[in-house]
> 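Take a look at this one; I'll ask things after.
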Amino acid sequence: NAGVMQNPRHLVRRRGQEARLRCSPMKGHSHVYWYRQLPEEGLKFMVYLQKENIIDESGMPKERFSAEFPKEGPSILRIQQVVRGDSAAYFCASSPLPAGGTDTQYFGPGTRLTVL
Amino acid sequence: DAKTTQPNSMESNEEEPVHLPCNHSTISGTDYIHWYRQLPSQGPEYVIHGLTSNVNNRMASLAIAEDRKSSTLILHRATLRDAAVYYCILRYGSNFGNEKLTFGTGTRLTIIP
């Protein structure tokens with residue numbers, strides 16, 4: 001059973017370009033979460049999605065960032081017009097149905113975004 | 001959200017037990033205590049969780065104080081592969097509104113060969 005997959009593992013963009021990060025959840029998981037880890041900092045929640053729905057986007061920057069989890073295919077985190085401050089590791093996690101605080105989130109290996 | 005406090009770093013010798021403490025004095029009665037760890041250059045991974053009773057699994061043990069204001073993650077025999085940042089996280093016991101994990105700064109565990 002494959003784990004959470006993220007691609008690309010490393011992504012280099014110049015300022016002003018767009019970055020697209022993909023996440024395929026574990027088989028049978030319909031809940032996806034995105035977290036960001038800035039250099040030398042802890043992980044910060046960005047967004048929580050179910051199939052075709054954004055449930056909680058309280059951690060998403062108000063501009064340039066968007067996320068989707070379509071009925072078919074991976075979840076996508078999209079960053080438009082990237083700036084140097086977007087350089088970070090972006091982790092995706094997935095889980096099965098919520099289980100009253102006891103469910104486990106399974107993390108992917110991350111995408112390391114570098115903005116030149 | 002209830003907060004957790006952990007030491008920034010700890011060291012332990014290889015093949016010895018490690019006790020990683022976590023304080024959560026404002027924990028509510030329905031908060032679960034979760035532990036995750038992040039190995040270098042990897043995504044976090046689940047370690048263990050509990051509510052009131054001590055818990056054991058193949059990776060570690062979780063000892064929860066009787067008043068639940070603190071807990072301790074126990075690695076019974078540390079190996080070099082246990083070198084990681086360990087995060088203690090509280091999760092409200094509800095199916096709604098508690099989905100995201102709130103990571104603190106964690107404890108960076110160094111294993112000395």
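Quick note: numbers below take in every heavy atom, side chains included, and nothing from hydrogens, waters or symmetry partners. Letters A, B, ... mirror the listed sequences (proteins, then strands); counts begin at 1.
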> Chain B heavy atoms under 4.5 Å from A:Ser95: which part of the residue, side chain, backbone, both or neither?
neither
> Same cluster for A:Phe107 and B:Tyr46 if Ile/Leu/Val/Met/Phe/Trp/Tyr side chains link at under 4.5 Å?
yes
> Counting heavy atoms not belonging to B:Met59, are there more than 12 under 6.0 Å from its CE?
yes
> Among B:His34, B:His49, B:Arg91, whose side-chain contact (heavy atoms from CB on, under 4.5 Å) with A:Asp103 holds?
B:Arg91
> When you compare the side chain of B:Tyr36 with that of A:Leu43, does any pair of heavy atoms fall below 4.5 Å?
no
> Would you mind checking which part of A:Gln37 comes under 4.5 Å of any heavy atom in chain B, side chain (CB onward), backbone (N, CA, C, O), both or neither?
side chain
> Is A:Gln81 atom CD crowded by more than 12 heavy atoms from other residues, nucleotides or ligands, each under 6.0 Å away?
no
> Evaluate the side-chain proximity of A:Arg112 to B:Ser41: yes if any heavy-atom separation is below 4.5 Å, no if none is.
yes
> Could you check whether atom CZ of B:Arg108 has more than 12 heavy atoms from other residues, nucleotides or ligands sitting under 6.0 Å from it?
no
> Tell me whether A:Val115 is reachable from A:Trp34 by hopping between hydrophobic residues (I, L, V, M, F, W, Y) whose side-chain heavy atoms are closer than 4.5 Å.
yes
> For the atom pair CD (A:Glu41) and OG1 (B:Thr105), what is the distance rounded to the nearest 0.5 Å?
11.0 Å
> Please check if the side chain of B:Tyr87 supplies one atom and the backbone of A:Gly42 the other of a donor-acceptor pair under 3.5 Å.
no
> By a 4.5 Å heavy-atom criterion (distance strictly below it), what part of A:Tyr35 contacts chain B: side chain, backbone, both, or neither?
side chain
> Is there a path of hydrophobic side-chain contacts, each under 4.5 Å between heavy atoms of I, L, V, M, F, W or Y residues, that connects B:Leu75 with B:Ile64?
yes
